[in-house]
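One structure is given below, encoded as structure tokens.
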There are 2 protein chains.
Amino acid sequence: MTLTTAEENYLKAIYHLSNGGTKSVSTNDVAAEIKTKAASVSDMLRKLGDKEVIEYRKYYGVNITEEGKKRALQTIRKHRLWEVFLVEKLQFAWDEVHEVAEELEHIQSPLLIQRLDSYLNFPKFDPHGDPIPDEYGDVRARPRLALNEMDIDQSGQIVAVKDSSAAFLKYLDKVGAYIGARIKVLDKVEFDGSMEILVDQKKTLFMSKDVAANILAIQS
Amino acid sequence: MTLTTAEENYLKAIYHLSNGGTKSVSTNDVAAEIKTKAASVSDMLRKLGDKEVIEYRKYYGVNITEEGKKRALQTIRKHRLWEVFLVEKLQFAWDEVHEVAEELEHIQSPLLIQRLDSYLNFPKFDPHGDPIPDEYGDVRARPRLALNEMDIDQSGQIVAVKDSSAAFLKYLDKVGAYIGARIKVLDKVEFDGSMEILVDQKKTLFMSKDVAANILAIQS
DNA sequence: TCTTATTTTTAGGTAAGACTAAAATGCTAA
DNA sequence: TTAGCATTTTAGTCTTACCTAAAAATAAGA
């Protein structure tokens, strides 16, 4: 049973909103995520329920099924592999890749994805630091913490951002932060939570608590 | 003004059937090419006429306009660049690329195509030997002739096939011929037009006139 | 030229995926 | 426990792209 592009997009949205399938999701939430109207979502939920990728009880929101989770992860895998391709091979900036990957992820060809994966050397993370599921939908997540949770003198590496809006990504680029950057916490201001961060052992960066909370790192 | 995927496919079909815009095309021909019904084609022709990419006179078939030609060539350019990518970078066989390229050609991103072109080193021909239009729609064609038109002792290089059906491509692969192969005509049998061809200075190949007529080469 | 055969178009219908407006359901606070 | 509000669903349209069947236009042969 195959899914249309629209169905794949709904399923992906439900997967994300449900936190990887751990909680149920309301019609309105899906509508907001997909930027469509609740009435359209109701229609689609009935269809996805029929296809058994979600469990749908009218008026009570949806839960994603195991099959649905698998499908969503396939789409996410394709999206993230294309992002790696765009950044590593075609020199896209990491704030330019999302829209194009959103189209590319719907190309139907298992062979294509297999070959792309191999061509990119089986990457485990996309340019935003998000993990790439393997072809069975397994994800090997790294423990991460937000920068504002790190203590003074701790070192690590930026691996992801929470808010990956173009605006925030642009801001990071401008101040010289990026996924993969090696960082060290030089100082934390008690009363407002703002921080002083050493980037790549040379540049010093000041950031508000809000910004720090949006940046995820692994410790080292 | 943008075209939908279906509209792009119709336009491409009309471009091909009209021999690059040199003759007009009938509704039935388009229906056969697209594998749809004449009634659906009539609908679409009206729409494409409104968008001024074709000139449509009811009951008299269509002619592609300059704007339409430009659009069709853009799509062909994208298709062929993706084919090069699939064969050169992802190790696809040349009889496996068509379907996937058919999907990839509809991805909307001028930047993507520009970067892909550059990444592939601005190829001028696709894996089937067909020329890749530049971003303005210009094509630099090489003079080619069918193998059966070549004389004994003439040398050249296979650059394309007329019938690029999977069956024919598979057959060529099996006998050891391919786009790019250096060839020399060793013998031509008068009464049935069959030929003996030396491939890559080592392998000798017998082929019927029909097969030879399907293989295009440049002389050297 | 007129009748027939072929091609093409129109008319009317379907399915997907969106929409608006209205009805139904569930939740909460009095 | 029920009135009112928020959420969700249903009903009815719209557009795109397809379909079949029937009508109209063109082309061809006697």
Side-chain angles (χ1 to χ4, degrees), chain A residues 1-15 17-18 23-64 68 71-72 75 99 102-103 105-108, chain B residues 1-15 17-18 23-64 68 71-72 75 99 102-103 105-108:
Chain A
M1 186 254 322
T2 60
L3 301 176
T4 65
T5 292
E7 287 168 343
E8 281 185 355
N9 283 335
Y10 272 90
L11 201 55
K12 201 167 45 121
I14 293 166
Y15 180 83
L17 291 169
S18 70
K23 61 172 194 258
S24 65
V25 173
S26 76
T27 300
N28 260 356
D29 288 350
V30 176
E33 177 82 6
I34 301 270
K35 289 174 195 8
T36 183
K37 297 301 160 75
S40 310
V41 175
S42 280
D43 264 9
M44 185 57 96
L45 293 186
R46 194 186 32 67
K47 281 182 28 181
L48 291 177
D50 290 347
K51 295 197 170 185
E52 302 187 351
V53 291
I54 60 171
E55 223 175 291
Y56 176 42
R57 273 186 57 215
K58 275 189 206 173
Y59 294 103
Y60 288 92
V62 292
N63 286 96
I64 197 161
R71 299 302 193 99
T75 307
E99 278 71 38
E102 206 66 19
E103 289 190 58
E105 74 188 9
H106 300 295
I107 304 287
Q108 299 293 0
Chain B
M1 185 253 323
T2 60
L3 301 176
T4 65
T5 292
E7 287 168 342
E8 281 185 355
N9 283 334
Y10 272 88
L11 202 54
K12 200 167 47 121
I14 293 167
Y15 180 84
L17 291 169
S18 69
K23 61 173 195 259
S24 66
V25 172
S26 77
T27 301
N28 261 354
D29 288 351
V30 176
E33 177 83 6
I34 300 272
K35 289 174 199 4
T36 183
K37 296 302 159 73
S40 309
V41 175
S42 280
D43 264 7
M44 186 56 97
L45 294 186
R46 194 186 32 68
K47 281 182 28 184
L48 292 176
D50 290 348
K51 295 197 170 184
E52 303 189 348
V53 290
I54 59 171
E55 224 175 289
Y56 176 42
R57 271 186 59 216
K58 274 189 207 172
Y59 294 102
Y60 289 92
V62 292
N63 286 95
I64 197 161
R71 297 303 191 98
T75 306
E99 278 71 39
E102 207 67 17
E103 289 190 59
E105 74 186 9
H106 300 295
I107 304 287
Q108 300 291 2

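Chain letters run A, B, ... following the sequence lines, proteins first, then strands; residues in each count from 1. Worth knowing before you read on, the calculation uses all heavy atoms, side chains too, and leaves out hydrogens, waters and symmetry mates.
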Fill in: Residues which pass side chain to side chain donor-acceptor pair (under 3.5 Å) with B/E55, listed by chain and number, not counting sequence neighbours
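Per chain and number, B/E55 pairs via side chain to side chain donor-acceptor pair (under 3.5 Å) with no residue.
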[X] [atom1] - [N] [atom2] separation (whole Å):
| X | N | atom1 | atom2 | answer |
| --- | --- | --- | --- | --- |
| B/M44 | D/dT16 | CE | P | 10 Å |
| A/K37 | D/dT7 | NZ | C1' | 15 Å |
| B/L45 | D/dT16 | CG | P | 16 Å |
| A/L48 | D/dT9 | CG | P | 13 Å |
| A/E7 | C/dA18 | CD | P | 10 Å |

Worksheet item: Do the side chains of A/T36 and A/Y10 get nearer than 4.5 Å, heavy atoms only?
Response: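 The answer is yes; the side chains approach within 4.5 Å.
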Fill in: Nearest listed nucleotide, side chain of A/N28, among D/dT8, D/dC19, C/dG26
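Closest of the options to the side chain of A/N28: D/dT8.
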Discussion item. Starting the side chain at C-beta, find the nucleotide from C/dA18, D/dT26, C/dG26 nearest to B/Y60.
Written reply: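 Nearest to the side chain of B/Y60 among the choices is D/dT26.
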For [X], all residues meeting side-chain contact (heavy atoms from CB on, under 4.5 Å), sequence neighbours excluded:
| X | value |
| --- | --- |
| A/E102 | A/N9, A/K12, A/H79, A/H98, A/E105 |
| A/R46 | A/D43, A/D50, A/Y56 |
| A/E103 | B/I107, B/Q108 |

Practice prompt. Could you tell me whether the phosphate oxygens of D/dT7, OP1 or OP2, come under 4.0 Å of any side-chain nitrogen or oxygen in A/S26?
Written response: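 For A/S26, the contact criterion (side-chain N or O under 4.0 Å from OP1 or OP2 of D/dT7) is not met.
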Discussion item. Would you say B/Y10 places a side-chain N or O within less than 4.0 Å of OP1 or OP2 belonging to D/dT16?
Written reply: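 No.
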Show each protein N/O and nucleotides 10-14 of chain C N/O combination with a separation under 3.5 Å, one pair to a line.
residue : atom : partner : partner atom : Å
C/dT10  : OP1  : B/K58   : NZ           : 2.4

Fill in: Of all pairs that satisfy salt bridge (charged side-chain N to carboxylate O under 4.0 Å, His left out), the ones with a partner from residues 25-36 of chain A, not counting sequence neighbours
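Non-adjacent pairs meeting salt bridge (charged side-chain N to carboxylate O under 4.0 Å, His left out): zero.
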